[in-house]
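Lettering of chains follows the sequences in order, A, B, ..., and the numbering in each one begins at 1. Remember, predicted model here, so these are calculated numbers, not experimental data.
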Amino acid sequence: MSHHARIKRPHLTRTAPNRGWAGIFGSEEPAGNSPAADRIGTGVGLGYRVIEEYIQLGQNAAQAFSAAMPQGWPTPPLGGMPGAGAPFGAAGAGGWASDAGPMFDEFTRNWLQMWQQWLSWYGFPANWAGAEGGNGTGASAAEAPPFEATHQPGAPRSHAGREAATSDLRVRVQLDTSQRTDCAVDLRACSGTPALNELRAPDPDLPRLADCRIDFEAGEWVIRISIPDDQPDAVYSGVIVDEVTALPQGTVWVRIGAAEPHTGAS
Amino acid sequence: MAEPSSVLVASILGEYGAATRKELERVLESGEPRRHLYEPAADYPRRGGRMLRPSICIAATRAFGGRMDEAIHSAVSLELMHNAFLVHDDIEDESDLRRGEPTLHAKHGVPVALNVGDGLLVMGLTPLVENQRRLGPHLSMRVFEEALRMARESVEGQAIELGWREDNALDLVEADYLEMILKKTCWYTILYPLRIGALIGRRDRFELDRLIRFGFFLGAAFQIQDDLLNLIGDADRYGKELAGDLFEGKRTLMMIHALQQSGTADRKIVGEVLGKPREERSEGEVRWLRQWMDASGSIEYGREFAHGLAGAALHEFESAFEAVPDSRDRRFLEALPTWVLERA
């Protein structure tokens, strides 16, 4: 057994971990206990207080707005900020509470008329705004549905997915792929001449799925997507639009490989 | 090898700034009346500037999965509106210099400058209408709604600040200041470009409120640093008159802190100086205000405050962008809190 003194860690002068903002940009001063750290901590705390109060104001306004909204209007998609629930910009917190329904109706009607007029001056089709069914254009899209059609490696390349039909919409998905692939379709309406835009990943550098289309065959809508063998793993999405009115009618997601669906979707 | 963050920020500002300027030139078409509208309207945009706002808009769009061409109209619109705000701000603040040259109203008089500011706002609306062709009706309408929201928040913030000067307010606290700059600065400098980038890139399938904390802390750090540069910056690089905020009687964080630290006698002097119209405020009085701030430790206080907020912005970045894959554009946005403190 050695008689040498055992090497020990030097005793630290501090008694708490170094946490705080002061050292974040390279200050050599220990961050935890200095007066500067206290001042910075106070400032940051104040910042959080201000922004949380602001967010709370928005949530209150959104709740009041939501409660006063006529049946059939979309629920305000966001509750975080004043006016966030109001599709047409800011309203003071609580400002919607007393007479939000009629005021909003009137405001929306006037706004849509003005917008249509403006578009007509610029030569755009003027009927799109009204064609939203009166539910405003601030309506958020529906939640991304669970992935529905699944293709496993080894299965035949041409794969007929199961129906994802709503009450009066029949939809079939055909994926031409050799990779493990999931697919989901969110189709809110389908009329006129729908077109499926190319599908793309959140990373703009990834190649898009350009070989895709939607057709009406034998009483159902058929979505066909061809996926190259070397297509990188990712979640790709594309919008179904009416080619004439350019109104969005739905969305198609394709997940290739083990890519995680982005959780930021709402 | 990844670019160092300062190089990356400079590189993207240059790249996206150039793309925005090119499109801007198309919108700033010359016509009649040239001398009293179109030429002065092109003056501020052509003086340069960092193009921070359009660059954030384009970077956010790409980071969220979109393309530059989908964001360019919104970016140009934002830059035009920014310049419109600057023209009107310079009149309201009675400023003499903008980007190193005389302000528009100093060159052309207040009536012409006011009208040019109105003109720039109208020109800023045109690209939002053009969005319809590239983004479709739904997304272009959503961007328009965000623009309305941003404009409203900005004028409300400006009204709060002007009101403080009008009322010669001396009893403000830091929270008042943060609320004011949340509206006046954070919305149109950071939050709006981030939100429309996410909106376009994710096709309206991203909860935009997730960006608010990051946008607020970054915008607040940016504004405080801007106010510090007004007091201590390099005159040639700053482009505006040094200590201009003191001449204008602005209630900056440093001013609010110094007032809080002062005794009755000093507060009385400050109240008298700030209560005067700008043209009656002498250079000697402004020099005294500047020394009074130094003696109160307010410059250092402002610097520490800005560092803290930038740190909070870095912290909030992760939760705001956790669903966004790594990319050059994401790294640019992440580097901004550090960059706002480093810029001179």
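Interface remark: B:Tyr301 contributes side-chain atoms only to the contact with chain A (heavy atom separation under 4.5 Å). For B:Leu309, the parts sitting under 4.5 Å from any heavy atom of chain A are the backbone and the side chain alike. Neither the backbone nor the side chain of B:Ala220 has a heavy atom closer than 4.5 Å to any heavy atom of chain A. For a residue to count as touching a neighbouring chain, one of its non-hydrogen atoms must lie under 4.5 Å from one of that chain's; by this rule B:Glu316 touches chain A with the side chain only. If you measure heavy-atom distances from B:Ala151 to chain A, you find no contacts under 4.5 Å at all. Contact of B:Phe64 with chain A is made through the backbone alone, with heavy-atom distances under 4.5 Å.
Checked for salt-bridge contact, B:Arg142 and B:Glu145 meet the test: a charged N lies under 4.0 Å from a carboxylate O. Using a 4.0 Å cut-off between a side-chain N of Lys or Arg and a carboxylate O of Asp or Glu, B:Arg303 and B:Glu300 qualify as a salt bridge. Between B:Lys183 and B:Glu179 there is no salt bridge, since no side-chain nitrogen of the basic residue lies less than 4.0 Å from a carboxylate oxygen of the acidic one.
Annotation: residues 65-74 of chain B contacts chain A through B:Gly65, B:Gly66, B:Arg67, B:Glu70 [non-hydrogen atoms, separation under 4.5 Å].
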Check: How far apart are the C-alpha atoms of A:Arg49 and A:Glu53, what are their side-chain angles, what is the distance that settles it, and do they pass the salt bridge (charged side-chain N to carboxylate O under 4.0 Å, His left out) test?
Finding: CA-CA 6 Å; A:Arg49 203 188 83 200; A:Glu53 284 175 2; 3.5 Å; yes
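If you look at B:Tyr192 and B:Tyr188, their ring centroids are not closer than 6.0 Å.
Side-chain atoms of B:Ser77 come within 3.5 Å of backbone atoms of B:Gly124 as a donor-acceptor pair (strictly under, hydrogens ignored). No side-chain donor-acceptor contact under 3.5 Å links B:Thr189 to the backbone of B:Cys186. Under a 3.5 Å cut-off, the side chain of B:Ser298 and the backbone N or O of B:Ala258 do form a donor-acceptor pair.
Side-chain polar atoms of B:Thr185 and B:Gln223 form a donor-acceptor pair below 3.5 angstrom.
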